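These notes are about the structure you will find just below.
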2 protein chains.
Amino acid sequence: MTGRAETLQRLAEVFRAHGYEGASLALISRATGLGKGSLYNLFPGGKAEMAALVLAEIDGWFEANLYAPLREAKQPAEAVSAMFDAVEAYFRSGRRVCLVGVVALGPERDRFGAAVRSYFARWIAALAGALERSGRNTAVSNALAEEIVVQVQGAIVLARALDDPAVFSRAMTALRVKAAA
Amino acid sequence: MTGRAETLQRLAEVFRAHGYEGASLALISRATGLGKGSLYNLFPGGKAEMAALVLAEIDGWFEANLYAPLREAKQPAEAVSAMFDAVEAYFRSGRRVCLVGVVALGPERDRFGAAVRSYFARWIAALAGALERSGRNTAVSNALAEEIVVQVQGAIVLARALDDPAVFSRAMTALRVKAAA
DNA sequence: ATCAATTTGTACCGATCGGTACAAACCCCG
DNA sequence: CGGGGTTTGTACCGATCGGTACAAATTGAT
């Protein structure tokens, strides 16, 4: 019925809301409106394949909407600013969890380690490149890019822990200033 | 046989390694060496009580070893430096996960929300107080304290994601400089 | 309209889940 | 040595887990 892309979106929400272990097939079936038959027809590999495809979908979205623009921007400073816009929108000011970060913290890290590593490594590399092209030297660019990604992840944790999206927004605002300086 | 405190330590490791849902009673039984009978004798409330007590134990450790020293230090700058020592040792340069942060990201946040909020709020408050007493004004102290806790959490995520403890160490070193400036 | 191929719902599988019941083993105080 | 209270292992509970089998329903090409 609904397309495969939409199904992946709903799957992502289920994994975000309940974690990998907590996302039972019953829950997944309810959330997607698909019976077990349909699910195993779409994803013969079961839950593991669903999670892998969800991670790949997220990775693709970041590649298209953040990494590629950062790499190819003619005006890197604007691209960095646009990245912050995209990050604030995507993570809904910390109300929405970073699924890749969650996987990195959890026991599924081993299974999806390569995907997780690539997602973050490419983020940092693309951002560092843009910062460098905006006038910084290599070492500073690398350090700043790493710090920005660290703070995005940490701000999600803290905003959720304190149940206060303002924590996330404050961190992003401070980072924007720092990145533009 | 072994004391209750040691049992809580092993419980914490199991929760860290497998998450709340993934920490089955079979796993817990194996890791603690205690049968179900003993476990439910020690923790009549089952898994939920185990997790709550583990969080309380962690909270108590941070209170005693980080928050209280930060609050009561005669030389606040030294206390902040000591906090970084303790943090690097406790989280093993990002190899060890922050269980409270993991809970904040996961579906158990609702159940343990109050404990999670208190843990982070008190950390930030104690740190902000020390920073203020070391010569900064209130606003700067609060912002810096929040940023430090954000970066600690984010550095754990990124160090695990990239499987590179140096990420964590670099972040801590940079924060020490910033806090001492 | 027909028929092969795909998609779907449902019944079912063994395994494991968190939790309970309870009797045997153990401990400690007399 | 005795005996009351606690600690322990084990058998067991219903529910749910991820996954499979398979027949009915649906689809698409001709």
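Chain letters run A, B, ... following the sequence lines, proteins first, then strands; residues in each count from 1. A quick note: this is a predicted structure, and the numbers were derived from the prediction, not measured.
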Working for side-chain contact (heavy atoms from CB on, under 4.5 Å), residues Ile58(B) and Tyr119(B) = CA-CA 9 Å; Ile58(B) 292 171; Tyr119(B) 168 90; 4.3 Å; yes
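- For the pair Arg4(B) CZ and dT8(D) C1', the computed distance is 17 Å after rounding to whole Å.
- For Ala23(B) against Val14(B), the heavy-atom pair with the smallest separation is CB-CG1, 3.8 Å.
- Taking only distance into account, the side chain of Lys36(A) meets the base of dG19(D) through a donor-acceptor pair shorter than 3.5 Å.
- Rounding to whole angstrom units, OH of residue Tyr20(A) and C1' of dC17(D) are separated by 12 Å.
- In this structure, of dG18(C), dT8(D), dT7(C), it is dT7(C) that holds the atom nearest to the side chain of Asn41(A).
- Rounded to an integer number of Å, the gap from His18(A) NE2 to dG18(D) P is 12 Å.
- Note on Glu21(B) versus Lys47(B): no salt bridge recorded, every NZ/NE/NH1/NH2 to OD/OE distance being 4.0 Å or above.
- For the pair Arg111(B) CZ and dG18(C) P, the computed distance is 12 Å after rounding to whole Å.
- For Ser38(B), no side-chain nitrogen or oxygen approaches OP1 or OP2 of dT7(D) to under 4.0 Å.
- In this structure, CG of Leu27(B) is placed 14 Å from C1' of dG18(C), rounded to the nearest angstrom.
- Ala17(B) and Pro107(A) make their closest contact through O-CB, 3.2 Å (heavy atoms, listed as atom of the first residue, atom of the second, distance).
- Both Lys47(B) and Gly37(B) lie near DNA chain C, and the one whose nearest nucleotide falls closer to the 5' end is Lys47(B).
- As rounded to whole Å, 15 Å separates atom C1' of dG9(C) from atom CG of Leu25(A).
- Both Ala26(A) and Leu42(B) lie close to DNA chain D; mapped to their nearest nucleotides by heavy-atom distance, the more 5′-ward contact belongs to Leu42(B).
- If you check every strand for non-hydrogen atoms under 4.0 Å, Ala23(B) touches sugar and phosphate atoms only.
- Note: CG (Leu39(B)) to C1' (dG9(D)) measures 12 Å, nearest angstrom.
- In this structure, a donor-acceptor pair under 3.5 Å is present between the side chains of Glu147(B) and Gln151(B).
- Arg30(A) has its CZ atom 12 Å from the P atom of dG18(D), to the nearest Å.
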